[in-house]
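Step one of this worksheet: look at the structure below.
A, B, ... follow the sequence lines: proteins, then strands. Residue 1 opens every chain.
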Amino acid sequence: MTTATISNIKELPSQYDHTAAQEKWYPFWEAPHPGYPGGYFHADPKSDKPPFTIVIPPPNVTGALHLGHALNNTLQDILCRMKRMQGFNVLWMPGTDHAGIATQAVVEKRLREEQNLTRHELGREGLVDRIWQWKQQYEKRILGQLKQLGASCDWQRTRFTLDDQCARAVRETFFKLFKDGNIYRGKRLVNWDTFLQTAVSDDEVFHEQVKGSFWHFSYPVIDPQPGEPEAVTIATTRPETMLGDTAVAVHPDPAKQLDKVEAELKEKLAAAPDKEKEGIQAQIDALAERRETVLPRLVQLRDMAQRGVMLELPLTGRQIPLIADIWAKPELGSGCVKITPAHDANDYDVWQRNQTIGAINILNTDGTLNENVPEKYRGLTVKKARQAVIDDLAAGGFHDPETDVEAREIDLAHSDRSKTPIEPYLADQWFVKMDELAQSAMDAVSDGRVKIIPDRYAKGYLDWLSEKRDWPIGRQLWWGHRIPVWSKEIDKLDPTALTNAKTSDEGWMVEGTFFGDQTDINFTQLSWVQEAVDADSGIVTRYVCLRSDDESLIYKLEAEGYTREDDVLDTWFSSALWPHSTLGWPGQTEALETFYPTNTLITSRDIITLWVARMVLTGLYNMDDIPFDQVYIHPKILDGYGETMSKSKGNGVDPLDVIDQFGADALRFGLAYLTTETQDVRMPVEFVCPHCNAVFKQTKKNRVLPRVGCDKCGQEFHTQWAQTEEDLALPRGTVTSERFELGRNFCNKLWNASRFALMNLEGYDPQPEALAPESLLLEDRWLLSRLATVTKLVTEALAEFRYADAARALYSFAWDDLCDFYVEITKARFAVPEQRGVAQRVLAHALDSLMRLLHPMIPFLTEEVWQLLNSVAPIRALTHPAGGAAAESVCIAPWPEVDESHIDADIERQFAQFQAVISAVRNLRTENNIPPKEAVSFSVRCDAATQALLEPMAAYFESMARATATAMGSDITPPERVASKPLEGMEVHLDISDFFDAEAEKKRLEGEQEKLTKFAKSIQGKLGNENFVSRAPADVVQAEREKLAEVEEKLASIEAALKKL
RNA sequence: GGGCGAUUAGCUCAGUUGGUUAGAGCACUAGCUCGACAAGCUAGGGGUCAUAGGUUCGAAUCCUAUAUCGCCCACCA
């Protein structure tokens, strides 16, 4: 450990060396210490301290961390470090997330680019191996970044959502849900990429306007009654899908719907600006016309639908029903709409409401038409089939190519990865039933067991859950937890086909017949079965869910002809278990016992539903208890243009770049300082030129370029986009933000204030007795009062996640109070031997407390200073020095207690008078152009009490303003030539005989006079208002009167001074 | 389309149940290398609190509308 002596303290650099501190103290914290065999960050479940647990939102192993992660983890670390100091047994559980789609996509992309291989060529195992390699590399990098940041995680417990322990929790949960009947197999529309032959998630889909057409067709009505329409007209942009139509819909109450639309339009019209009124009126007129032309027909059709009328679906020989459904819009087109549930999301919803119509999938996985369409269209691509269908419909008289087609811009979905159009595709899918689970998670928040902070975010959480939409959990990927279900089509007459599978608590193997005479494995404990009958074919499929990953069991199952599901589980399925799976569940571990439920979750708002809600629900389901009792949602970091930071935009900032340049402490303090309740953090991004170190703004243009030329020196450097060897040969330009200068400057200020204190603690004597209160001077009591106030404020603010408030309070205390005043004052006191001791003790104590209060935000610097303090002044308590030496590390030092007895408003007011006089003297000096080196003298007219408090401060006026107080009191006579400044209850006169500049002083006084006159007028205006005097509270009126008197007094003295000039 | 949030100094942000002359950091101006700190010190300049109404003795703060921006969700036959 550091053994600092006074002499080497004098050699400490005048700039804080963040790199050295980071390298020194992180390993120190992780090393074993007496009472902490696993290091300070390791949580022992056997500890008798109360537990405090946070689980990290596991970062994706997709890539490196960005500033958003830095913020998220800084906020968690601040809380953890504070709680540790407050005597809690803190567990911060670290880990990473396998992030199915994102990670697999990144690795596949690399595979294509580097080796020109597709995943199919590599095979499932090969690809998964590749991804594991990627994961090892990035996990290391991510965890390294967190350590650089100073995160005090319990690294010995690091987990990964795809490791064995998490896998066990996933299987157990899936099994439980399966057994409870909460998992079922259904159909789901997915975004199908016919080129890559895979489903892609919504956020991997981009929309592009393309030119297309809008075709009108008519479907004949079968056996219309006299007077009824003989055909219905529908329109589509995708004619080929008509081969999969299973119904045509009309609105169930077209008249009412038209009324509703009209009412909405009228409302809009009333509120609309004039320029839009015309357009809206036209729409209303069109609507009125529709009532005449279209509505009677729609009413007829609606009645026909209710009668069960069928339509002929041309080209297919099929008949489809006319149905009544709200999806049909009477205000649009013909008012009728074709329903293709397997290839359109809205039509899919219509099917959900009208189950009998069925759904027909007409596509193969490669995008060609399948066996569900008439033979002549089979095998055709969508494009070819479209033309064939149009031609055949025209030939059959169902479509007139001359009149029944119009050009239209279509917003077409494309796959981000293959850039080909997306086909909505009906795929088999596993679902989790959400009704009860969602309700339980809603209840936990509505009844306050889980508190979401700020509480406005609870609304989104509850709204989303209240839809209780079943959770599709399968993903057509290879990277993830493979669904633990095996299936086989079985003969209905198979004697092992079971009917009681779902009802028996013992499982389905009651008779032990499944594996013949196999009795070596207790299969019933490890599996559960569901059976499904396909309505059309009558084929029975049996699904066996395995709880264990026992190889021999799997072997036997597969030997029986069962095949495993290809799909893996949604990444959120494993993340949802994070709070309990990481603690060992389903094992009944000591850690789980001690640390579950966890206390606080800190995350960003975009995953409240995807992640937070699901953790609550699985926590309640698996553990029968909430996973955490509060969730703090922190702001997002945006760039200088107000856009979210992302790698793909190129506006991301690597925290390591910031740490290199400014230090982890500066990064952390800067982030905490910016974390306010309502605001997102806007952070202009700059390039740092590696050639000349110039910093210049990143623009929307240059942020996506592989090479950028420096604004200052013109030389080029490469960015994150560099791919070619040529670009990469250039030096790398880092990306940063000047926002962190605040933190760096503050750290440097703290460092130098600490250096000053350490240098002046020579001969420091802790003394066995408490410091006698009467030995404290005004400034000592003032500092202690401020310290107690700030301690209270910071403690309360951090408990309520008001990070910015805490950071601002500490910044202002350290800089404005401690450095600008107390330290300056002690310079004079240290010069006087008999005043040294008390000032040293107060200073050491204040610095000690400040380091502890700052440690959660600024861990490295505070540790550095703490260790130096320990070597110079090991005992620093003010009132109980017998308690012995300070803790061996600030990270386990007790959190400062608020000493209420120190808080003294009178003292603070008195000190403010001193500050006002100092400030007045300095101002008068500057305004009268008196050089700083010149000594001046001044006098203060004031009452006896003020005189008593100011007189002992004479030495400080000398040292801080180079001014000698010549007279103080009520009857002083200022010298002939003075510059005067009236203050509250005082008047400061600076003797300017040697620097007399009548013009300058006159100008100054007149300026001040003008301001005060204006102010006086505004107060007089208020007081002259009868209503104000009679209605405002008496104390407010009184305060205004006193204010006015004050101002008038000041004006009088300025007038006097002017007259004298 | 629905929901949420924002708009305060050139920039990034504070501003407590409505009550001093609306604050901070950066940037800017002037001056300062006195033994903590030039990443600093001292003193300054700079704001019609987005706009329009309303409530009130009194509005940056409360209400209504508008504009602009951002985020989440839904939708786009």
Every protein N/O lying under 3.5 Å from an N/O of nucleotides 68-72 of chain B:
from: B/C71; atom 1: O2'; to: A/R605; atom 2: NH1; distance (Å): 3.0

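- In this structure, the nucleotide among B/U20, B/C13, B/A43 sitting nearest to the side chain of A/T676 is B/C13.
- For A/V337, taking side-chain heavy atoms from C-beta onward, the closest of the listed nucleotides B/A43, B/A36, B/A77 is B/A77.
- Taking only side-chain atoms of A/F214, from C-beta outward, the nucleotide of B/A36, B/A77, B/U21 with the closest atom is B/A77.
- A/C819 comes within 4.0 angstrom of a base, heavy atoms only.
- Side chain of A/K749, nearest nucleotide from B/G40, B/G19, B/A39: B/G40.
- The nucleotide whose nearest atom lies closest to any side-chain atom of A/R456 is, among B/G19, B/C37, B/G5, B/G5.
- Summarising the base pairing, B/C41 is matched to B/G31 through a Watson-Crick or G-U wobble pair whose two defining distances lie under 3.5 Å.
- Taking atom P in both B/A77 and B/C4, one finds a spacing of 28 Å when rounded to whole Å.
- At the heavy-atom level, A/R744 lies under 4.0 Å from base atoms of the strands shown.
- Contact annotation: A/N923 side-chain N/O to B/G44 OP1/OP2 distance is under 4.0 Å.
- Comparing B/A14 with B/G58, their P atoms are spaced 30 Å from each other, to the whole Å.
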Listing time: all N or O pairs from protein to nucleotides 24-35 of chain B that are below 3.5 Å?
from: B/U33; atom 1: OP1; to: A/K933; atom 2: NZ; distance (Å): 3.4

